[in-house]
Amino acid sequence: MSKLHISYNQIHDSIRESVDRFSINDDFQPDLMIAIGGGGFIPARILRTFLKKQNNRNIPIQAIGLSLYEELGNEEERPGTQVQKTQWLNFGASHSEISLLGRNILIVDEVDDTRQTLAFAIEELQKDIESEEIRKGMKPGESNTKMGVYVLHNKLKEKKRDLPPDVKQYYYAAVEMPDQWLVYPWDALDIESHTEAANNHQ
């Protein structure tokens, strides 16, 4: 499978263009982003630049960590069959609890490949939302919390999981592309040569 290098400039332009194309500020109006680490961190921060502030404040970005890969003893990785949490939202002491209720939550990741991590994240967040609703004496779904998905790249291939219809209606992919090996700039050891390789693909 051939490699496709992606530059920071290309990512910035793709995100800016996609926010306008999908009218995300009007269609979804996100007021909380949850970035899936580590690939979703930088896209979420760039995305925030183009999203409207809520109550004159930047949209907050929370982070979760998920792993679909199993480490081998010889420093190699192989695809796993189960998604595992490596980092999650803080639902600890009441003064630090992150309320999800009534929010328009945009989940951000770099790529939609098999869709396993995205589907897992949505399932787990839905459980958190329902648990919080019950704790506050509400019925499941009564808080009218919405979830959407934003990815830099969606690989046009058969997915192993699907998304719930109420989430799928707010699915945004900046770039739709064939199944290809993507090399992102935050993984580059030499950013100059990486950028040159990315520009040569244009």
Side-chain angles (χ1 to χ4, degrees), residues 2-66 68 87 89 100 103-122 125 146-157 159 163 167-202:
S2 62
K3 291 183 179 180
L4 179 63
H5 291 74
I6 311 292
S7 73
Y8 282 116
N9 283 356
Q10 290 166 349
I11 290 168
H12 195 277
D13 288 344
S14 294
I15 291 174
R16 174 185 49 78
E17 186 275 333
S18 66
V19 170
D20 290 337
R21 172 164 37 98
F22 291 117
S23 300
I24 296 175
N25 283 308
D26 298 318
D27 181 56
F28 188 66
Q29 300 179 2
D31 56 14
L32 173 65
M33 282 190 282
I34 297 180
I36 300 178
F41 295 161
I42 296 174
R45 177 57 190 88
I46 297 173
L47 179 59
R48 187 170 74 173
T49 298
F50 301 105
L51 296 178
K52 290 181 181 177
K53 293 183 178 182
Q54 300 292 329
N55 299 318
N56 292 320
R57 294 183 177 181
N58 285 321
I59 296 170
I61 302 173
Q62 298 293 335
I64 59 175
L66 302 175
L68 185 61
Q87 177 182 341
L89 302 174
L100 301 177
R103 300 306 262 304
N104 296 341
I105 303 167
L106 193 59
I107 301 165
V108 182
D109 205 0
E110 58 188 349
V111 61
D112 184 356
D113 192 340
T114 64
R115 197 164 282 174
Q116 286 175 276
T117 53
L118 279 171
F120 179 86
I122 290 165
L125 287 167
K146 293 196 301 186
M147 280 196 288
V149 170
Y150 183 96
V151 294
L152 274 179
H153 298 99
N154 175 38
K155 294 186 179 182
L156 299 175
K157 58 189 284 188
K159 308 296 185 182
L163 303 178
V167 176
K168 206 167 187 177
Q169 66 176 320
Y170 300 115
Y171 177 90
Y172 311 105
V175 179
E176 305 269 4
M177 59 173 301
D179 189 8
Q180 197 167 0
W181 186 353
L182 298 175
V183 186
Y184 289 101
W186 42 84
D187 292 322
L189 296 177
D190 182 344
I191 194 62
E192 298 294 341
S193 61
H194 176 97
T195 304
E196 182 179 355
N199 292 337
N200 288 338
H201 286 301
Q202 290 183 324

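Only this structure's heavy atoms are used, side chains among them; waters, hydrogens and symmetry mates stay out. The first residue in the sequence is number 1, and the count goes up from there.
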Asks: Let me confirm one number: the CD1-NZ distance from I59 to K52, rounded to the nearest 0.5 Å.
Replies: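 These two atoms lie 10.5 Å from each other.
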Asks: What pair of heavy atoms forms the shortest contact from A173 to R21, and how long is it?
Replies: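 Taking every non-hydrogen atom into account, O-NH1, 4.0 Å.
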Asks: Ignoring hydrogens, what is the shortest heavy-atom contact between D113 and K159? Give both atom names and the distance.
Replies: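 Residues D113 and K159, closest heavy atoms: O-NZ, 3.0 Å.
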Asks: Considering residues at least two apart in sequence or located in another chain, which fulfil the ring-ring contact (aromatic ring centres under 6.0 Å, His included) criterion with Y171?
Replies: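 Partners of Y171 by the ring-ring contact (aromatic ring centres under 6.0 Å, His included) criterion come out as none, since no residue qualifies.
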Asks: Only counting residues at least two apart or in another chain, list the ones meeting side chain to side chain contact (heavy atoms under 4.5 Å, CB included) with N58.
Replies: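 Expected list: R48, K53.
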Asks: The test is side chain to side chain contact (heavy atoms under 4.5 Å, CB included); show your working for Y184 and I11 and say whether it passes.
Replies: CA-CA 9 Å; Y184 289 101; I11 290 168; 4.2 Å; yes
Asks: If you look only at distance, which donor and acceptor atoms sit under 3.5 Å apart when one is on a side chain in residues 27-39 and the other is two or more places apart or in another chain?
Replies:
{"unit_1": "D27", "atom_1": "OD2", "unit_2": "Y172", "atom_2": "OH", "d": "2.5"}
{"unit_1": "D31", "atom_1": "OD1", "unit_2": "N104", "atom_2": "N", "d": "2.8"}

Asks: Identify which one of V175, D109, V108, I15 satisfies the side chain to side chain contact (heavy atoms under 4.5 Å, CB included) criterion when paired with L152.
Replies: I15
Asks: Identify the two heavy atoms, one from L156 and one from E176, that lie closest to each other, and give their separation to 0.1 Å.
Replies: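 Minimum heavy-atom separation between L156 and E176: CD2-OE1, 3.1 Å.
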Asks: So, using side chain to side chain contact (heavy atoms under 4.5 Å, CB included) as the criterion, who are the partners of Q180 when residues are at least two apart?
Replies: S2, L4, M177
Asks: So, using side chain to side chain contact (heavy atoms under 4.5 Å, CB included) as the criterion, who are the partners of I42 when residues are at least two apart?
Replies: Y8, I46, W186
Asks: If we only count heavy atoms from C-beta on, is the N200 to E196 side-chain gap below 4.5 Å?
Replies: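 Yes, their side chains come closer than 4.5 Å.
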Asks: Just to verify, what does D179 make a side chain to side chain contact (heavy atoms under 4.5 Å, CB included) with, not counting sequence neighbours?
Replies: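 Once residues adjacent in sequence are excluded, the partners of D179 under the side chain to side chain contact (heavy atoms under 4.5 Å, CB included) criterion are M1, K155, K157.
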